[in-house]
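Input: a single structure, listed below in structure tokens.
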Amino acid sequence: MTKIGIIGSQGRMGQAIAAAAEAAGVEVAGGVDKDGDVAALAAKADVLIDFSSPGALEGNLDAAMAAGVPVVIGTTGLEERHHWLIDSAAQNIPVLQTGNTSLGVTLLAHLVREAASRLGEDWDIEIVETHHRMKVDAPSGTALLLGEAAAEGRGIALADNSERGRDGITGKRETGTIGFAALRGGTVAGDHSVLFLSDSERLTLSHMAENRSIFAKGALRAAEWVQGKSAGRYTMPEVLGL
Ligand SMILES: NC(=O)C1=CN([C@@H]2O[C@H](COP(=O)(O)OP(=O)(O)OC[C@H]3O[C@@H](n4cnc5c(N)ncnc54)[C@H](OP(=O)(O)O)[C@@H]3O)[C@@H](O)[C@H]2O)C=CC1
Ligand SMILES: O=C(O)C1=N[C@H](C(=O)O)C[C@H](O)C1
């Protein structure tokens with residue numbers, strides 16, 4: 001059975017993962033938070049699960065590589081340089097990175113890609129997300145994941161076609177762009193909607209997380225799945241067979 005090590009163990013997700021592990025009978029080798037000994041954790045775990053902070057990523061990957069253990073990365077707010085680090089680590093160990101470990105969002109991304117590929121450029125795409133007041137990054141990792149899915153469906157690069165944060169005299173909407181809007185407040189676990197807007201009709205694809213257990217269960221499933229895989233970078237659709 002897989003023994004997991006939790007990075008960010010005292011955080012909201014770390015605690016949700018520990019609770020899900022206990023419920024599922026998955027052994028927890030230990031956990032670390034800021035200033036914790038991640039190398040010692042990696043040495044006693046079969047898989048590391050990281051829901052902490054982008055600043056911790058490089059050290060976490062180094063510890064995982066030194067111990068030869070796979071990592072599931074759920075941390076969001078990642079920048080391009082973090083993705084390079086992940087690509088580089090994935091040459092040595094199995095790494096699964098995703099902005100959302102839930103089954104529902106993984107399927108939603110598939111539906112968004114499909115809708116974007118079938119609807120022409122006259123359908124504007126806007127992504128709206130709502131999260132609790134403690135969330136520190138925007139747009140959410142999930143919103144970006146859904147944006148990537150929409151861009152893939154359209155056959156365009158998200159980096160060259162995204163509109164993040166309108167304010168003031170913005171000018172009219174640029175055709176073909178994918179817009180993002182982030183709302184913060186209360187204790188919302190995570191709501192995401194992708195809107196396709198045309199001249200006389202609108203299509204909305206949405207997911208609402210009622211609590212963090214869905215992310216925790218998905219992370220455990222990913223950890224079980226990634227153990228024993230060869231080095232490489234893996235995704236949630238592969239884990240869930242979607
Ligand atoms: N992929 C997914 O499905 C999901 C992803 N997330 C993402 O997971 C991350 C964590 O979310 P959440 O649990 O709500 O956040 P919290 O702030 O509640 O928890 C983060 C934890 O990480 C710890 N931490 C911070 N820096 C380090 C470090 N350098 N090394 C080790 N641990 C560190 C914090 O410790 P300390 O308090 O000591 O600083 C804290 O315990 C976020 O990026 C969030 O967006 C969240 C839900 C689902
Ligand atoms: O910080 C959170 O809480 C969440 N973060 C992830 C994200 O950025 O998309 C996933 C989920 O929406 C909750």
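We count ligands from 1, going down the list as the structure has it; atoms in each ligand are counted the same way.
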| task | Ignoring angles and geometry beyond distance, decide whether Gly141 reaches within less than 3.5 Å of ligand 2 through its nitrogen or oxygen atoms. | result | yes

| message | Looking only at protein heavy atoms, which one is nearest to atom 19 (O) of ligand 1, and what is the separation? | response | Gly11 CA, 3.2 Å

| request: Enumerate the atoms of ligand 1 whose separation from the nearest heavy atom of Thr98 is less than 4.0 angstrom. | output: 1 (N)

| query | Got a sec, which pairs hit ring pair (Phe, Tyr, Trp, His ring centres under 6.0 Å) with one end in residues 79-135, sequence neighbours left out? | reply | His131-His192

| Of Arg212, His132, His131, Arg12, which has the heavy atom at the shortest distance from atom 3 (O) of ligand 2? | His132

| message | Is there a path of hydrophobic side-chain contacts, each under 4.5 Å between heavy atoms of I/L/V/M/F/W/Y residues, joining Met13 to Ile49? | response | yes

| Carboxylate-amine/guanidinium contact Lys229 Glu238, below 4.0 Å | no

| note | Thr76 heavy atoms within 4.0 Å reach ligand 2 at atoms 6 (C), 7 (C), 8 (O)

| said: Yes or no: does His192 have any heavy atom under 4.0 Å from an atom of ligand 2? | reply: yes

| query | Hey, looking at atom 6 (C) of ligand 2, which of Gly77, Ser140, Gly99 has the closest heavy atom? | reply | Gly99

| field | Mode of Ala143 contact toward ligand 2 - side chain, backbone, both, neither (heavy atoms, under 4.0 Å) | value | neither

| Pairs satisfying side chain to side chain donor-acceptor pair (under 3.5 Å), at least one member in residues 19-43, at least two apart | Ser9-Asp33

| message | Among all the protein's heavy atoms, is there at least one whose distance to atom 13 (O) of ligand 1 comes out below 4.0 Å? | response | yes

| Numbered atoms of ligand 1 (with element) below 4.0 Å of Thr75, judged on heavy atoms | 43 (O)

| With a 4.0 Å cut-off on heavy atoms, is Gly99 touching ligand 1? | yes

| field | Element-labelled atoms of ligand 2 that are located less than 4.0 Å from some non-hydrogen atom of Thr142 | value | 7 (C), 9 (O), 10 (C), 12 (O)

